[in-house]
Asker: 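I am attaching a structure below and will ask some questions about it afterwards.
Along the sequence shown, residues are numbered consecutively beginning with 1.
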Amino acid sequence: MTDLVTWAELGGSLAAIGGAAYARHAHPAAYWSTVGLPVSVARLLASYTSTMDACGLTVEPPRWRALAVKATTRREVRPVPPRRGMIRPTSTGLRLRLRLAPGQEPADVAASAERLRHAWGVHAVYVRDVKPGVVELRLVGFDVLRKVRMPRRTDVGPLRVPVALGEDATAFVRDYRAVPHELVLGATLSGKSMFLRNLLAGLAAQPVVLVGIDCKRGVELAPFAPRLSALATDPEQAAELLPVLVKEMEDRYDLIKARQSIAPGTPDELITSDVWGLPEDERPAPIVLFVDEVAELFLVATRKEEERRDEMVTQLIRLAQLGRAAGIYLEVCGQRFGAELGKGATMLRAQLTGRVCHRVNDEASAKMALGDIAPEAVLASCAIAAELPGLAVVGDTSGGWSRIRTPHLSLADAAATCRESAHLAPDVPALAQFRPYVPPVPVKESGPLATPRPITE
């Protein structure tokens, strides 16, 4: 009887271990909530002081405290770790705040993030500066980029769209007011189109003028035509559309000048204000220009096309340099972007503050996107596997970078969102001639409400 009980207990233990291993692989969020969270909290509470000491994050106690310890006890005076705040569990990890001791800085804690990760048994540790002397540790319990689930609460506002999930389990928000222009690179099937799709669907619900240049005959942006105010599907149409946008930008500068009583002959570069300083009833709607496959605008075969290319590139550079103050923002996308595209490519890239690099086919493209930010970002983007579409390295000219992954959004759902929000498209008379044709939705004919009774003799 005893042997039977022992074998039953052993079988139950093996089943529990196997179930936990399966849940950790197949359902990491559920495993974290039931098993990982209690274990990590216990490790943190039990080893906090020793871990901080091993990481070199402890300091000598104040003299008054050392004298008090010697006077009341015979214990050895030991270095003290940063004072820990309350542990706050989340659906993806833990959060806690540390009050740094005098002489410490957030970089000291960030340098020990990898050691803290192994000591407390979590997937990653991120450090955020809250205020002087206080940092927040965000412990992520599992790989949140393997199966993307966007947070329920995101910071949404005018020209602010959550488009991806960051590796620290926070939403990556595309903020055009903070980062006016962006370069998005990615090879075929890397997830670049999904990033663009989420961005368009998010902006469609806002009163924003959406303009598209898609030199692939419009196959990428045509499904969103009901919400687009203008669409160019080849370089010839783009050459006609860009001067109109430049003229619209100049008209907005004239509006700012008139409102602020600035002399009409003042150069645009000397105006420091923007359209957001105008009254709401006079403020024109912001314009977001999406350029897909930007390399098609640079490629030429004849001298006549070369002249047209130079003119278009010059207009794009003008929009990138001066468009922000006029409420015009650029989202430049492509598979390949490098200096070999031709004159103006490097100058255009210099005006694109935000950088999003998906998996690319060569290291030169990654360097063109992220090389002026950080060498580590280039190495991280080159290490993206083909089995992880939507994974990208994002950064800006401030020097910071991180990994993000875009959630899946079907083309049908994104197109339906654009159809439902077509009435929100602001009216821009200058772009009326470039408005894409949208065929009417066919109405299904309904049969008679009642079936007539057969005629009988």
Asker: Show, in sequence, the C-alpha distance, side-chain angles and deciding distance for Leu94 and Leu37, and conclude whether the side chain to side chain contact (heavy atoms under 4.5 Å, CB included) test is met.
Answerer: CA-CA 8 Å; Leu94 298 171; Leu37 177 61; 3.1 Å; yes
Asker: Specify the closest pair of heavy atoms between Gly191 and His358, including all atoms of both residues, with the distance to one decimal.
Answerer: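 In this case the closest contact between Gly191 and His358 is O-NE2, 3.6 Å.
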Asker: For residues Leu241 and Leu431, determine if any side-chain heavy atom of one lies less than 4.5 Å from a side-chain heavy atom of the other.
Answerer: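 Leu241 vs Leu431: side chains touch.
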Asker: Any side-chain heavy atom of Arg160 sitting closer than 4.5 Å to one from Arg177?
Answerer: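 Of all side-chain heavy-atom pairs linking Arg177 with Arg160, none is under 4.5 Å.
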Asker: List the atom pairs, donor and acceptor, that lie under 3.5 Å between side-chain atoms in residues 199-209 and the rest of the protein, sequence neighbours left out.
Answerer:
{"residue": "Gln206", "atom": "OE1", "partner": "Leu159", "partner atom": "N", "Å": "2.7"}
{"residue": "Gln206", "atom": "NE2", "partner": "Gly157", "partner atom": "O", "Å": "3.1"}

Asker: Let me confirm one number: the CE-OG distance from Met194 to Ser410, rounded to the nearest 0.5 Å.
Answerer: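 Going from the CE atom of Met194 to the OG atom of Ser410 covers 8.0 Å.
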Asker: With a 6.0 Å cut-off (strictly less than), is the heavy-atom count around CG of Leu189, excluding the residue itself, greater than 12?
Answerer: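 Result for CG/Leu189: open.
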Asker: Begin from the C-alpha positions of Glu236 and Arg308 and carry the test salt bridge (charged side-chain N to carboxylate O under 4.0 Å, His left out) through to its verdict.
Answerer: CA-CA 9 Å; Glu236 290 79 8; Arg308 183 188 64 195; 3.1 Å; yes
Asker: Calculate, to the nearest 0.5 Å, the distance between atoms CZ and OG belonging to Phe172 and Ser402 respectively.
Answerer: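 Reported value, rounded in 0.5 Å steps: 7.5 Å.
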Asker: As an exercise, state the distance from CD1 of Ile213 to SG of Cys333, rounded to the nearest 0.5 Å.
Answerer: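 Between Ile213 CD1 and Cys333 SG, I get 11.5 Å after rounding to 0.5 Å.
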Asker: If you apply the rule side chain to side chain contact (heavy atoms under 4.5 Å, CB included), what do you find for Arg355 with Arg349, and how did you get there?
Answerer: CA-CA 9 Å; Arg355 311 288 174 82; Arg349 184 201 67 157; 4.1 Å; yes
Asker: CZ of Arg83: more than 12 outside heavy atoms within 6.0 angstrom?
Answerer: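 Result for CZ/Arg83: open.
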Asker: Between Arg405 and Leu165 (side chain of the first, backbone of the second, donor and acceptor by atom type, cut-off under 3.5 Å), is there such a pair?
Answerer: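 Side chain of Arg405 to backbone of Leu165, a donor-acceptor pair under 3.5 Å: no, none is there.
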Asker: Could you check whether any side-chain heavy atom of Leu409 comes within less than 4.5 Å of a side-chain heavy atom of Thr417, counting everything from C-beta outward?
Answerer: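 Answer no - side chains too far apart.
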Asker: Between the side chains of Arg283 and Glu280, is the shortest nitrogen-to-carboxylate-oxygen separation below 4.0 Å, so that they form an ion pair?
Answerer: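 Looking at Arg283 together with Glu280, the answer is no, because their closest N to O distance does not fall below 4.0 Å.
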Asker: Quick check: closest heavy atoms across Ala325 and Ile256, and the distance to 0.1 Å?
Answerer: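 Looking at all heavy atoms of both residues, the shortest contact is O-CD1, 3.9 Å.
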Asker: Check whether Arg197 reaches the backbone of Ala414 with its side chain - one donor and one acceptor, N or O, closer than 3.5 Å.
Answerer: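 The answer is no, because no donor-acceptor pair under 3.5 Å joins these two groups.
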Asker: Calculate, to the nearest 0.5 Å, the distance between atoms OG and CG belonging to Ser229 and Leu289 respectively.
Answerer: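 That separation rounds to 11.5 Å.
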Asker: Side chain of Asn198, backbone of Phe195: donor and acceptor closer than 3.5 Å?
Answerer: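 A pair under 3.5 Å: no.
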Asker: Just to verify, what does Glu307 make a salt bridge (Lys or Arg N to Asp or Glu O under 4.0 Å) with, not counting sequence neighbours?
Answerer: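 With neighbours one apart ignored, the set is empty.
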Asker: Minimum heavy-atom separation for Val127 and Pro106, please, with both atom names.
Answerer: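 Where Val127 meets Pro106 most closely, the heavy atoms are CG1-O, 4.3 Å.
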Asker: Could you check if a side-chain atom of Val332 sits within less than 4.5 angstrom of a side-chain atom of Leu352, using non-hydrogen atoms only?
Answerer: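 With C-beta onward as the side chain, the pair touches.
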Asker: Determine whether a donor-acceptor pair (N or O, by modelled atom type, separation under 3.5 Å) exists between the side chain of Ser421 and the backbone of Leu424.
Answerer: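 Not a single qualifying donor-acceptor pair exists.
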Asker: Any non-hydrogen side-chain atom of Leu98 less than 4.5 Å from a side-chain atom of Met52?
Answerer: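 Yes. Closest side-chain heavy atoms under 4.5 Å.
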Asker: With a 3.5 Å distance limit and no angle check, can you tell me whether Asp168 reaches the backbone of Tyr126 through a side-chain donor-acceptor pair?
Answerer: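 Such a contact is absent between Asp168 side chain and Tyr126 backbone.
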Asker: In chain order, what residues pass the ring pair (Phe, Tyr, Trp, His ring centres under 6.0 Å) check against Tyr176, with sequence neighbours excluded?
Answerer: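 For Tyr176 the ring pair (Phe, Tyr, Trp, His ring centres under 6.0 Å) partners, ignoring immediate neighbours, are Tyr329.
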Asker: Which heavy-atom pair separates Pro82 from Tyr48 by the least distance, and what is that distance?
Answerer: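 Residues Pro82 and Tyr48, closest heavy atoms: O-OH, 2.6 Å.
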Asker: What closest approach, in Å, do His181 and Ile328 show between heavy atoms, and which atom pair accounts for it?
Answerer: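 Answer, listing the atom of His181 first, then Ile328: CE1-O, 3.4 Å.
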Asker: Taking C-beta and beyond as the side chain, do Asp274 and Arg252 meet within less than 4.5 Å on heavy atoms?
Answerer: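 They are not in contact (no side-chain heavy atoms under 4.5 Å apart), so the answer is no.
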Asker: Side chains of Pro284 and Leu255: closer than 4.5 Å at any heavy-atom pair?
Answerer: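 Yes, at least one pair of side-chain atoms sits under 4.5 Å.
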Asker: For Thr51, which residues count as a side-chain contact (heavy atoms from CB on, under 4.5 Å) partner, sequence neighbours excluded?
Answerer: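 Applying side-chain contact (heavy atoms from CB on, under 4.5 Å) to Thr51 gives Ser47, Cys55, Leu116, Ala119, Trp120.
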Asker: Would you please name every residue forming a salt bridge (Lys or Arg N to Asp or Glu O under 4.0 Å) with Asp129, sequence neighbours left out?
Answerer: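 Listed in chain order: nothing, the list is empty.
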Asker: Is it the case that atom CD in Glu363 sees more than 12 heavy atoms from other parts of the structure closer than 6.0 Å?
Answerer: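 Not more than 12 within 6.0 Å, no.
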Asker: State which residues pass side-chain contact (heavy atoms from CB on, under 4.5 Å) with Leu379; sequence neighbours excluded, sorted by chain then number.
Answerer: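 With sequence neighbours excluded, Leu379 shows a side-chain contact (heavy atoms from CB on, under 4.5 Å) to no residue whatsoever.
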Asker: For residues Arg336 and Ala364, report the shortest heavy-atom separation together with the two atoms involved.
Answerer: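 Of all heavy-atom pairs spanning Arg336 and Ala364, the closest is NH2-CB, 3.9 Å.
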Asker: Are Thr406 and Val148 close enough, and set up right, to give a side chain to side chain contact (heavy atoms under 4.5 Å, CB included), and what steps lead you there?
Answerer: CA-CA 7 Å; Thr406 311; Val148 177; over 6 Å; no
Asker: Does Gln237 reach the main-chain N or O of Thr233 with its side chain, forming a donor-acceptor pair under 3.5 Å?
Answerer: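 It does hold such a pair.
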Asker: Closer than 4.0 angstrom, basic N to acidic O: yes or no for Glu296 and Lys216?
Answerer: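 Lys216 and Glu296: not salt-bridged.
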Asker: Are Thr170 and Arg138 side-chain neighbours, meaning at least one heavy-atom pair lies under 4.5 Å?
Answerer: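 Yes, at least one pair of side-chain atoms sits under 4.5 Å.
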Asker: The test is side chain to side chain contact (heavy atoms under 4.5 Å, CB included); show your working for Leu316 and Leu242 and say whether it passes.
Answerer: CA-CA 7 Å; Leu316 272 177; Leu242 287 174; 4.1 Å; yes
Asker: Looking only at side chains, do Thr353 and Glu182 share a donor and an acceptor under 3.5 Å apart?
Answerer: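 Checked: Thr353/Glu182 side chains show no N/O donor-acceptor pair below 3.5 Å.
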Asker: Salt-bridge test for Arg318 and Glu250: reply yes if a basic N is under 4.0 Å from a carboxylate O, no otherwise.
Answerer: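 So Arg318 pairs with Glu250 through a salt bridge.
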Asker: What's the separation between atom CD in Glu420 and atom NE2 in His423, rounded to the nearest 0.5 Å?
Answerer: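 Answer rounded to 0.5 Å: 9.5 Å.
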Asker: If I take atom NE2 from residue His118 and atom CZ from residue Arg43, how far apart are they, to the nearest 0.5 angstrom?
Answerer: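 One gets 12.0 Å once the value is rounded to the nearest 0.5 Å.
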